[in-house]
Amino acid sequence: MLKPLDDLRQAVEHYQRRMALRAAVAAMPKLEGQRRDLDDQIAEADRVLEAAEKQHDETTLKCEVRSENVEMWSGLNATSFAPK
């Protein structure tokens with residue numbers, strides 16, 4: 001006796017879901033490897049950014065101190081030292 005058409009459709013749908021699940025499970029190790037690679041790239045970019053921020057802070061601090069000195073000395077002019 002032949003299975004009714006609805007039973008065959010259900011069996012095919014069930015098989016397709018199982019095959020899709022099997023493919024997803026098979027792809028997991030590759031995806032995990034890609035995720036680890038991406039995590040490593042992000043960590044490296046974070047290290048580069050941290051170093052750049054440190055360099056920026058050091059450079060701007062020196063410039064700000066120098067700028068304050070220039071401003072202080074520019075406020076003093078030659079007449080400040082002239083005898084009265």
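Values below: all heavy atoms of this structure, side chains included; hydrogens, waters and symmetry mates excluded. Sequential numbering from 1 along the given sequence is applied to the chain's residues.
- Grouping Ile, Leu, Val, Met, Phe, Trp and Tyr by side-chain contacts under 4.5 Å, direct or through others, puts L21 with V25.
- Considering CZ of R36 and CG of L31, their distance stands at 10.5 Å, rounded to 0.5 Å.
- Pairs of residues two or more places apart, or lying in two chains, never qualify as side-chain hydrogen bond (donor to acceptor under 3.5 Å, both in side chains) while including a residue from residues 14-23.
- Residues satisfying the side-chain hydrogen bond (donor to acceptor under 3.5 Å, both in side chains) criterion with E32, sequence neighbours excluded, are R35.
- With sequence neighbours excluded, the residues that form a salt bridge (Lys or Arg N to Asp or Glu O under 4.0 Å) with E44 are R47.
- For E58, there are no side-chain hydrogen bond (donor to acceptor under 3.5 Å, both in side chains) partners, not counting sequence neighbours.
- A side-chain N or O of Q55 and one of T59 form a donor-acceptor pair less than 3.5 Å apart.
- To the nearest 0.5 Å, atom CD of residue Q41 and atom CG of residue D37 are 6.5 Å apart.
- Using modelled atom types, one side-chain atom of T60 and one backbone atom of D57 make a donor-acceptor pair closer than 3.5 Å.
- Side-chain contact between D6 and Q10 is absent, with no heavy-atom pair separated by less than 4.5 Å.
- Clustering of Ile, Leu, Val, Met, Phe, Trp and Tyr by side-chain heavy atoms under 4.5 Å joins V70 with none of the others.
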Subject >> Check against side chain to side chain contact (heavy atoms under 4.5 Å, CB included), R9 and L5 >> reply: CA-CA 6 Å; R9 280 191 188 120; L5 190 54; 3.4 Å; yes
